[in-house]
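The analysis underlying the following values was restricted to heavy atoms, covering all of them including side chains, and did not include hydrogens, waters or symmetry mates. So that the names make sense, note that chain A is the first sequence line, chain B the second, and so on, each numbered from 1.
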Amino acid sequence: MDVPDPVKGVPDWLPPESAAFHAVERAFLAAAQLGGYERIRIPVFEHTEVFARGVGEATDIVQKEMYTFADRGGRSLTLRPEGTAGVVRAALTAGVPRQQALPVKYAYAGEFFRYERPQAGRQRAFSQVGVEALGSQDPMLDAEIVWLGYEALRRAGLDHITLRMNTLGDREDRPAYRERLSAHLDRFADRLPADVADRRHLNPLRAFDSKAPGMEAILAEAPRLADHVNAEAKAHYAEVCRLLEAEGLPLTHDPMLVRGLDYYTRTTFEFESAELGAQNAVGGGGRYDGLAEDLGYSERVPGIGWALGVDRTVLALRGAGKTPPRPPRVQAFVAVADAALTGAAFALVAELRRAGVSTDVGVDGRGLRSQLKAADRAGASVALVLGADEAAREAVTLRDMASGEQREVARGEVAEAVIDHLDVA
RNA sequence: GUGACCGUAGCUCAGCUCGGUUAGAGCGCCGCGUUGUGGUCGCGGAGGUCGGGGGUUCGAGUCCCCUCGGUCACCCCA
């Protein structure tokens, strides 16, 4: 009987790589906390309509990338492909906009699922940390979000991050623009690449995503979204950029940055790393002032947020040769030199752990040589040898793993001696 | 969904071009050198359906076909 294969595109993170993973996740969450974003925990699956309506029927995510299944009651459920729709849904469910002072600020971390062909930096199950600020349209909030994203990546150890930004204007700006863009694409109908031809009727804006050879020329002539953004939204975006530039963020304005989720309005942005191969985005986000209404809420609740890819950031750090070192597994290691002393050893281990010293112990009746090898591999800075000789004197041998020096310590003073030793070392 | 490349030990790979007795290396793991002392060194050991199936052949890890899996890229995004 064979061990079942892991599910395609669903990675395991074992030590030592898991250490880097958690270091990155912690760094992201620490940055969120600096901005006053509180942890929110939401379900890993939702009614399918949360994403269909939130993310948008026309998006690739909803059309072909969702893990959708029927539960035993026949309800259509979907594993979350992204975080924002679920967070907003949870806030609306709780009536937050009506009973709390706005904006509210949330941070989350967890697994997300998209049915795509895996490749470098793209898995079917992947991990993100995200933040969302709900209930304000203040451009300072946009700037804060972008700034925190940049800071989060910096704290994770990534440098040479490029930041691309754009404004999509408001929902009301879209119809006129879509119409003019459609008309423009019509003129090239016979020359459009297949991908654009397929989706232009669902959402002509997606034509800007295309990198097909002929598109560059067609898009160069296309009506520009920027020309259809209303004056207020333009001023809003200008203020966001002004704030960020004053803080020295190296932002690049990219009028082609459209992003594949329908809920975005106004500010959108993407963080990229050169270390990643084809999947070069380590994070991205934007404003979604119409999302609450898309989800059926009776009032407008503006919001903005980002998501940063944990797996991708780990990859980028690895590519830059900056993988964080694996921390020592324990501080102390108890070696049992006599099988009759397992009871005494177990008691010593418990005592040390109770005193706050992380401790491991040799098992399986291995020789002392083997146990010290294990102590070395565990990264212990102290080994405690418990043998017949020591037991007879009610003592323990304390060995410094760096220098090899050792001395005998009375059994009653071991915990104290270990703590002293660790403080000094 | 489309394309290219790749599947030999736990990991990284050699062997395949030009088929030939027991399929190798490095790393890792376990043991011994030290009947109670790690890292270095030396010696030894465990570990392989050569992804799977079929075919050609006296003989297949090596050649042919099918199949499964993986990787990278397109697409899209974290």
message: Let's see if you can work this out: which of B/U37, B/C72, B/G70 has an atom nearest to the side-chain heavy atoms of A/Q119?
response: B/C72
- prompt: Does A/R366 put a side-chain nitrogen or oxygen below 4.0 Å from OP1 or OP2 of B/G31?
  reply: yes
- prompt: Is A/F126 stacked on the base of B/A78, meaning ring centres closer than 5.5 Å and planes within 30 degrees of each other?
  reply: yes
task: Tell me, with the steps shown, if A/T267 and A/T167 meet side-chain contact (heavy atoms from CB on, under 4.5 Å).
output: CA-CA 4 Å; A/T267 310; A/T167 180; 5.5 Å; no
- prompt: Which residue, A/V7 or A/Q123, contacts RNA chain B at a nucleotide closer to its 5' end, judged by nearest heavy atom?
  reply: A/V7
query: Does A/E46 pair with A/R89 as a salt bridge, N-O distance under 4.0 Å?
result: yes
- request: Could you tell me which nucleotide pairs with B/A46 by Watson-Crick or G-U wobble geometry, both distances under 3.5 Å, or answer none if nothing does?
  value: none
Distance between C1' atoms of B/C29 and B/C11 (Å, rounded): 12 Å
- prompt: Between atom CD in A/Q128 and atom P in B/A78, what is the gap in whole Å?
  reply: 7 Å
- request: For B/G69 and B/G26, measure between their C1' atoms and round to the nearest Å.
  value: 26 Å
message: Please classify the nucleic acid contact of A/D389 as base, sugar-phosphate, or nothing, using heavy-atom distances under 4.0 Å.
response: base
- prompt: Given A/F271 and A/F269, is the ring pair (Phe, Tyr, Trp, His ring centres under 6.0 Å) satisfied, shown in steps?
  reply: CA-CA 7 Å; A/F271 299 106; A/F269 54 91; 5.7 Å; yes
field: Euclidean distance for P, B/G61 against B/G51 (whole angstrom)
entry: 10 Å
query: Which value, in whole Å, describes the distance between the P atoms of nucleotides B/A4 and B/C50?
result: 28 Å
Between the protein and nucleotides 3-11 of chain B, which nitrogen or oxygen pairs are less than 3.5 angstrom apart?
from : atom 1 : to     : atom 2 : distance (Å)
B/G3 : O6     : A/R117 : NH2    : 3.1

field: Those residues that, when tested against A/H236, pass ring pair (Phe, Tyr, Trp, His ring centres under 6.0 Å) (two or more places apart)
entry: none
- request: Identify, with sequence neighbours excluded, every residue that meets ring pair (Phe, Tyr, Trp, His ring centres under 6.0 Å) alongside A/Y106.
  value: none
- prompt: A/M66 has an atom CE; how far is it from atom P of B/G1, in whole Å?
  reply: 17 Å
- request: Could you give the distance separating B/U2 and B/C58 at their C1' atoms, to the nearest angstrom?
  value: 45 Å
task: Check the distance between B/C76's C1' and A/K64's NZ and give it to me in whole angstrom.
output: 7 Å
query: Which part of the nucleic acid does A/A120 contact within heavy-atom distance under 4.0 Å: base, sugar-phosphate only, or nothing?
result: sugar-phosphate
message: Take a 6.0 Å sphere around NE2 of A/H160 and say whether it holds more than 12 heavy atoms from other residues, nucleotides or ligands.
response: no
Between B/C65 and B/U21 - C1' atom distance, rounded Å: 29 Å
task: At under 4.0 Å between heavy atoms, which parts of nucleotides 38-46 of chain B does protein reach? Answer with one letter per nucleotide, 5' to 3': B base, S sugar-phosphate only, - none.
output: BB-------
field: Separation of B/C76 C1' from A/M256 CE (nearest whole Å)
entry: 18 Å
statement: When A/G283 and A/A337 are each assigned the nearest nucleotide of RNA chain B, the 5'-most assignment goes to A/A337
- prompt: How is A/E272 classified with respect to the nucleic acid when contacts are heavy atoms under 4.0 Å: base, sugar-phosphate, or nothing?
  reply: nothing
- request: Using a cut-off of 6.0 Å, state whether more than 12 heavy atoms not belonging to A/R353 lie near its atom CZ.
  value: yes
message: Could you tell me how far B/A14 sits from B/G55 if I compare only their P atoms? Round to whole Å.
response: 30 Å
message: Are there over 12 heavy-atom neighbours, none belonging to A/Q33, within less than 6.0 Å of that residue's CD?
response: no
- request: Using side-chain hydrogen bond (donor to acceptor under 3.5 Å, both in side chains) as the criterion, list what pairs up with A/D254, not counting sequence neighbours.
  value: A/R164
message: For A/F69, I'd like to know if atom CZ has over 12 heavy atoms of other residues, nucleotides or ligands within 6.0 Å.
response: yes
message: Is it the case that atom OH in A/Y297 sees more than 12 heavy atoms from other parts of the structure closer than 6.0 Å?
response: yes
message: How many whole angstroms separate atom CG of A/L261 from atom P of B/C75?
response: 18 Å
message: Need one value for A/D364: base, sugar-phosphate or nothing, where a base atom within 4.0 Å counts as base even if backbone is also close, heavy atoms only.
response: nothing
task: Assign A/V310 to base, sugar-phosphate, or nothing according to its heavy-atom contacts below 4.0 angstrom with the strands shown.
output: nothing
query: Nearest-Å distance, CG (A/D5) to P (B/G52)?
result: 13 Å
query: For the side chain of A/E116 and the base of B/A78, is some donor closer than 3.5 Å to an acceptor across the two?
result: yes
- request: Write down the distance separating the C1' atoms in B/C43 and B/U34, rounded off to the nearest Å.
  value: 14 Å
query: Taking CG from A/L317 and C1' from B/A78, how many angstroms apart are they, rounded to a whole number?
result: 14 Å
- request: Answer with yes or no whether A/Q371 presents, from its side chain, a donor or acceptor under 3.5 Å of a partner atom in the base of B/U37.
  value: no
query: Taking CZ from A/R114 and C1' from B/A78, how many angstroms apart are they, rounded to a whole number?
result: 6 Å
query: What about A/Q406: does its side chain form a donor-acceptor pair under 3.5 Å with the base of B/G36?
result: no
- request: Please list, chain by chain and in numerical order, all residues satisfying ring pair (Phe, Tyr, Trp, His ring centres under 6.0 Å) with A/Y264, sequence neighbours excluded.
  value: none
